[in-house]
**Q** 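Here you go, one structure.
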Amino acid sequence: KELEELKDEYSKFSPELQKSFAGRNISDWIAKQEKAGIGKKAPDFTVFDPKGEKFNFYSVKAKVKLIDFWASWCGPCRASFPHLREMYKLHGEKVNFISVSLDKEEKEWQKAMGEEKLPWSQFLATRALSKEVGKNYNLKSIPTFLFIDPDGKIIFSGHSSDELEAELAKTH
């Protein structure tokens, strides 16, 4: 609804305003939301597991997915893990939890995984993949949590584990 309202307001801008720096930023934001916003199909991506094996997001079928984009250096990301562990205990059998690290260095990611000991699937996006994933999912900050339905559509996107928990409670 908000996206449609913004598109409507943007269409009322003069051609000069649409071509301005601010106008182009709004246009870019609208395009990204239309590509990977709520109700849209989640873009596919390939990442690596801790053993270096490739993992394709679309290979996980017929299950609700929770994607947690994070990095070892991100304090709020790591602070959310105790809350995510509690959600995993409650919903882990029905929801496929997937954490994707955007760390630039594999050793930093491996170290953080050893410290956190998270019980769900962990993956690393390479530098190039991090940029692609960030662009395709319009990631502006981390942590970012996405809740994806069995058909691959994004039904929640946010940065708060409290909001995520409320969404999980509504759907499960």
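Keep in mind the model is a prediction, meaning the values are calculated, not measured.
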**Q** Quick one: which residue pairs count as a salt bridge (charged side-chain N to carboxylate O under 4.0 Å, His left out) with a foot in residues 108-118, not counting sequence neighbours?
**A** R78-E115, R78-E116, R85-E116, K111-E115

**Q** Of all heavy-atom pairs between C77 and F69, which one has the smallest distance, and what is that distance?
**A** SG-O, 4.5 Å

**Q** Of the non-hydrogen atoms in P119 and Y88, which two are nearest, and what is the gap between them?
**A** O-OH, 3.5 Å

**Q** To the nearest 0.5 Å, what is the distance between CE (M87) and CG (D162)?
**A** 7.5 Å

**Q** Drop me the distance from S80's OG to H159's NE2, to the nearest 0.5 angstrom.
**A** 12.5 Å

**Q** Side-chain heavy atoms nearer than 4.5 Å, only ILVMFWY residues, links allowed to pass through others: does that put L164 and L90 together?
**A** no

**Q** Run the side-chain contact (heavy atoms from CB on, under 4.5 Å) check on F123 and T46 step by step: do they pass?
**A** CA-CA 9 Å; F123 299 97; T46 301; over 6 Å; no

**Q** Considering the options I98, V95, N96, I148, which one meets the side-chain contact (heavy atoms from CB on, under 4.5 Å) requirement together with L66?
**A** V95

**Q** Do K104 and W73 pass the side-chain contact (heavy atoms from CB on, under 4.5 Å) test, and can you show the C-alpha distance, the side-chain angles, and the key distance before you say yes or no?
**A** CA-CA 10 Å; K104 292 180 181 174; W73 46 263; over 6 Å; no

**Q** Please report the closest heavy-atom contact between S101 and W109, naming both atoms and the distance.
**A** CB-CD1, 3.2 Å

**Q** Can you give the donor-acceptor pairs under 3.5 Å from side chains of residues 47-54 to other protein atoms, not counting sequence neighbours?
**A**
residue, atom, partner, partner atom, Å
D49, OD1, K51, N, 2.9
D49, OD1, G52, N, 3.0
D49, OD1, E53, N, 2.9

**Q** Calculate, to the nearest 0.5 Å, the distance between atoms CD and OG belonging to E106 and S72 respectively.
**A** 12.0 Å

**Q** Within the distance-only criterion (no hydrogens, no angle test), does the side chain of D151 pair as donor or acceptor with the backbone N or O of K153 below 3.5 angstrom?
**A** no

**Q** Can a donor-acceptor pair be found, under 3.5 Å and without considering hydrogens, that links the side chain of S27 to the backbone of R24?
**A** no

**Q** Kindly compute the distance separating NE2 (H91) from CG (L84), expressed to the nearest 0.5 Å.
**A** 11.0 Å

**Q** So which atom in A112 and which in W70 form the shortest heavy-atom distance, rounded to 0.1 Å?
**A** CB-CH2, 3.8 Å

**Q** Using side-chain heavy atoms (C-beta onward) and a distance below 4.5 Å, is K107 in contact with Q110?
**A** no

**Q** Quick one: sort the F81 and W120 rings into parallel, tilted or perpendicular, breaks at 30° and 60°.
**A** perpendicular

**Q** Please round to the nearest 0.5 Å and tell me the distance separating atom CG of L146 and atom CD of E167.
**A** 11.5 Å

**Q** Calculate, to the nearest 0.5 Å, the distance between atoms CD and CZ belonging to E163 and F156 respectively.
**A** 5.0 Å

**Q** Test side-chain contact (heavy atoms from CB on, under 4.5 Å) on L168 and E165; report intermediate values, then the result.
**A** CA-CA 5 Å; L168 280 168; E165 183 176 39; 5.6 Å; no

**Q** Taking all non-hydrogen atoms of both residues into account, name the closest pair between T144 and S157 and its distance.
**A** CG2-OG, 4.3 Å

